[in-house]
2 protein chains.
Amino acid sequence: MKKVTINDIAKKLGVTPSTISRALADNQRVSQATRDKVKRMAQEMGYQPNLMASSLRKGKSDLIGMIVPRINRHFFSNIISGVEEILNPAGYSLLIMQSHEELEAEVKAVHSLMRNRVGGIIISLSVETNSFEHLQGVVDANVPLVQFDRVCKNLKGPKIVNDNITGAYLATRHLIQSGYKNIAHFSGNKMINVYGERIIGYKKAIAEAFGEVDESLIMEDIITRDSGLETIQQVLKEKEIDAVFCAGDYSAFGVFEGLKDLKAEFPGKFGLVGFGNEPFAEMLHPSLSSIEQDGREVGRIAAQEMIDAINGVLHNIERVVPVEFKERESSKKININF
Amino acid sequence: MKKVTINDIAKKLGVTPSTISRALADNQRVSQATRDKVKRMAQEMGYQPNLMASSLRKGKSDLIGMIVPRINRHFFSNIISGVEEILNPAGYSLLIMQSHEELEAEVKAVHSLMRNRVGGIIISLSVETNSFEHLQGVVDANVPLVQFDRVCKNLKGPKIVNDNITGAYLATRHLIQSGYKNIAHFSGNKMINVYGERIIGYKKAIAEAFGEVDESLIMEDIITRDSGLETIQQVLKEKEIDAVFCAGDYSAFGVFEGLKDLKAEFPGKFGLVGFGNEPFAEMLHPSLSSIEQDGREVGRIAAQEMIDAINGVLHNIERVVPVEFKERESSKKININF
DNA sequence: GACAAAAATACAAACGATTGCACATAAATA
DNA sequence: TATTTATGTGCAATCGTTTGTATTTTTGTC
């Protein structure tokens, strides 16, 4: 029941462990005949290399750490799939941790990954993350750090982000073209790149159409369903708005619920667009217009950047992945009743 | 930039590495004074233990492998969270892999985890899995194997499953109590425990109410949205049914779409219940009745069983986690029009 | 102050693989 | 035949910890 090692094979074949090691690695220094013999025997004995020993000796592991806010977000689970798609065939395995949007958990996760001597870390920051020593530590330890989606520009290394500006611009422009005039934007914390960029896109579209932007229509820290619901209820009492562009689908759903509760004429008199295109977006009635982010592609690029970095080519660039506007019922043309 | 090891600390403090090792492990054999001194120095030097070296020496790792069909299923991502909740504080990390419902990927994942010398494997089988050598290999290698949800009864070790029979029974009984008489069941592959059990629950409720079961109303291999949609369209042409109990929410959503397309009077003349309570279930209009599975709890139990197994107490039992029926609009009382 | 018992630390061998260097055999050249 | 040059293997150290055993130091007792 004991695990078979390279030494067991060596003994069986009457050669030394070093020959076995080389044979299995297809090293030219051992003859083809021996290589075949060794491989056959390894197979037969059910040998599985001990990657811990190997990594320890080689000083690098084939484990890649990945930290995401939560894995049950459509976008993040797609990214994970994209990363796996590239990394697994290349012989790497993923050590996945969730930060649950908390800085403390993120710091712990980073340390845990470092203790496990991962070959690199792929991360999307938690909303809480406002200090970066834990990540600077990764960089300083010479462990490749690839960031995606929610990134910190001050940290060296590749950053893969969505085209948030264009996405927000398209969403807002579409609402404008549908006839809506007073479009609010429910955003997140604008210090976080993704939300900051979406605000820029929103403003660009508004400015283009109406000349100036009413800053009071931009509301921060509304990314959950509950806050979306509460805010729309509040806002409709105070302001004259006829559409909302939400920086996330969950808050958009909160708005959606609020509108239904208030028996608003929606869609038709009120427009709504989300961001992220969660699976439920198209299932709603009316279906929710949203911005689709290509998570798989983000993941694939992140993985490729990681492999490059491991091989010594660390690109200090930001790669922008295009997004797509999904037009659905929630933002359809305004009903003009004379 | 070099990683600091216990040898570095030892040299700095003028003691041997073994003392450092013991001090950090709070071993009684080293004096309290030395322990404090060592810990302070370790902290100061930014020491992070090399878990690969440690695992190699100890012959066991703190990495736990986890294989799920897909992480973007609400149920599975909840389970992962539940597992993390128990395992992370206990000092273990999760190596997560997806089988994407394919046997080949599952086998590869198992081998990859074994090469990484994980301390144990927590798995839910792919739908394709009909041979079990890869898992028998895990058991034979004395690596704890904890199964959940989709399990193989022939493999030794803990199995954590939902109360599928009761869930299906409740769902079906509710449709009956709502006045529906011809209730079809869209199932999966009945060789898989979860689907087989749901069929049993369905039959039990039907038999209890109507005396006998019309086997032709049980349709297999319908777990995707597309197959749900196609099947309902087909079935409604051929049979007189007024309700469907689906073994999953995705197929239920397919049925949902089909009913809308056909402009069926739904709900009211047609009842529908799903299984799994995906987040979208309550967002639909009409909202979808479903069976809520407590994924977190399943995960917590699986993790606890894993810890027990690692500590030498491998329970060869099946633990059944209760489910909850979520009554919503899609299964509301039938409209009787005289 | 001598001596046993207890406490603290040191020594050294593992864990399983990798790899620079040395060594042997065989083939090629002088 | 002697000598060089490939070619294939073996030797032994190493990666960073852990841990059984040996050794030293401290403490306590008479």
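Quick note on labels: first sequence line is chain A, next is B, and so on, each numbered from 1. Given the structure is predicted, the values throughout are model-derived calculations rather than measurements. Heavy-atom basis, side chains included; hydrogens, waters and symmetry copies ignored.
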**Item:** salt bridge (charged side-chain N to carboxylate O under 4.0 Å, His left out): pairs with one or both residues in residues 120-138 of chain B, sequence neighbours excluded
**Value:** none
**Asked** Residues from residues 6-21 of chain A sitting under 4.0 Å of DNA chain C, heavy atoms only?
**Response** A:Ile6, A:Ser18, A:Ser21
**Presence of donor-acceptor pair under 3.5 Å, side chain of A:Arg115 and base of D:dG16** = no
**Message:** Applying side-chain contact (heavy atoms from CB on, under 4.5 Å), can you list everything that pairs with B:Gln32, at least two apart in sequence or on another chain?
**Reply:** B:Arg35, B:Asp36
**Request:** Round to a whole Å and report the spacing from NZ of A:Lys60 to C1' of C:dA17.
**Result:** 15 Å
**Prompt:** By a strict heavy-atom criterion of less than 4.0 Å, which residues belonging to residues 25-49 of chain A are in contact with DNA chain C?
**Reply:** A:Arg29, A:Tyr47, A:Pro49
**Message:** On the side chain of A:Arg22, is there an atom forming a donor-acceptor pair with the base of D:dG10 - under 3.5 Å, no angle test?
**Reply:** yes
**Item:** Qualifying residues under salt bridge (charged side-chain N to carboxylate O under 4.0 Å, His left out), relative to B:Lys39, sequence neighbours excluded
**Value:** B:Asp26
**Asked** Can you tell me how far P of D:dC15 sits from CZ of A:Arg117, to the nearest Å?
**Response** 14 Å
**Item:** Heavy-atom donor-acceptor pair, B:Asn27 side chain to B:Arg29 backbone, under 3.5 Å
**Value:** yes
**Prompt:** Can you list the residues that meet the salt bridge (charged side-chain N to carboxylate O under 4.0 Å, His left out) rule with A:Lys108, with sequence neighbours excluded?
**Reply:** A:Glu104
**Request:** Measure the distance from CE on A:Met52 to C1' on D:dG16 and round it to the nearest whole Å.
**Result:** 12 Å
Let me have the donor-acceptor pairs involving side chains of residues 308-315 of chain B, under 3.5 Å, with sequence neighbours excluded, atom names and distances please.
residue: B:Asp308; atom: OD1; partner: B:Gln304; partner atom: NE2; Å: 3.4
residue: B:Asn311; atom: ND2; partner: B:Ile307; partner atom: O; Å: 3.2
residue: B:His315; atom: ND1; partner: B:Glu305; partner atom: OE1; Å: 2.7

Please list every donor-acceptor pair under 3.5 Å in which a side-chain atom of residues 73-88 of chain B meets a protein atom from a residue at least two apart or in another chain.
residue: B:His74; atom: ND1; partner: B:Asn277; partner atom: O; Å: 3.3
residue: B:His74; atom: NE2; partner: B:Asn78; partner atom: ND2; Å: 3.1
residue: B:Ser77; atom: OG; partner: B:Arg73; partner atom: O; Å: 3.3
residue: B:Ser77; atom: OG; partner: B:His74; partner atom: O; Å: 3.2
residue: B:Ser81; atom: OG; partner: A:Gln98; partner atom: NE2; Å: 3.2
residue: B:Ser81; atom: OG; partner: B:Ser77; partner atom: O; Å: 3.3
residue: B:Glu84; atom: OE1; partner: A:Gln98; partner atom: NE2; Å: 3.0
residue: B:Glu85; atom: OE1; partner: B:Arg296; partner atom: NE; Å: 3.2
residue: B:Glu85; atom: OE1; partner: B:Arg296; partner atom: NH2; Å: 2.8
residue: B:Glu85; atom: OE2; partner: B:Arg300; partner atom: NH1; Å: 3.0

**Request:** Mind calculating the distance between CG (B:Leu56) and C1' (C:dA17) to the nearest angstrom?
**Result:** 8 Å
**Request:** Rounded to the nearest angstrom, tell me the gap between atom CG in B:Asn50 and atom C1' in C:dC15.
**Result:** 13 Å
**Request:** With sequence neighbours excluded, tell me which residues meet side-chain contact (heavy atoms from CB on, under 4.5 Å) with A:Asn189.
**Result:** A:Met191, A:Ile192, A:Glu220, A:Asp221
